[in-house]
Amino acid sequence: MSIISSKSPNSHWYVLTLAALTFTFVCAMPMICMTVLFEEISEDLGLSLVEMGVV
């Protein structure tokens, strides 16, 4: 009996979907959190909106 074989052929797609969603979430999280911090960062550094956009 092989480890790869299973009773449900859809379980492979389920695991692949979970892995893809987890990877997407982990890669997107740093970009998502930065937009929330832009206002605070610009106030601390004294940057205008245009200067913050360049950074």
Side-chain angles (χ1 to χ4, degrees):
M1 185 168 160
S2 174
I3 295 173
I4 298 175
S5 67
S6 68
K7 295 180 182 177
S8 174
N10 292 332
S11 66
H12 293 98
W13 289 110
Y14 179 71
V15 171
L16 181 64
T17 302
L18 284 177
L21 289 174
T22 303
F23 177 74
T24 302
F25 182 74
V26 167
C27 289
M29 200 54 156
M31 293 299 175
I32 293 171
C33 74
M34 285 304 294
T35 57
V36 175
L37 298 174
F38 279 161
E39 183 178 350
E40 188 172 330
I41 292 170
S42 66
E43 288 175 2
D44 287 346
L45 297 176
L47 300 174
S48 69
L49 183 62
V50 174
E51 292 170 332
M52 196 63 194
V54 170
V55 170

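- Applying the 4.5 Å side-chain rule to ILVMFWY residues, one finds that L21 remains a lone member of its cluster.
- Not counting sequence neighbours, the partners of E51 by the side chain to side chain contact (heavy atoms under 4.5 Å, CB included) test are L47, S48.
- Other cluster members for L18: Y14, joined by side-chain heavy-atom distances under 4.5 Å among Ile, Leu, Val, Met, Phe, Trp and Tyr.
- Under a 4.5 Å side-chain heavy-atom cut-off, the cluster of Ile, Leu, Val, Met, Phe, Trp and Tyr residues that includes W13 is completed by L16.
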Under 3.5 Å, which donor-acceptor pairs do the side chains of residues 25-45 form with other protein atoms, sequence neighbours left out?
from, atom 1, to, atom 2, distance (Å)
T35, OG1, I32, O, 2.9
S42, OG, F38, O, 3.2
S42, OG, E39, O, 2.9

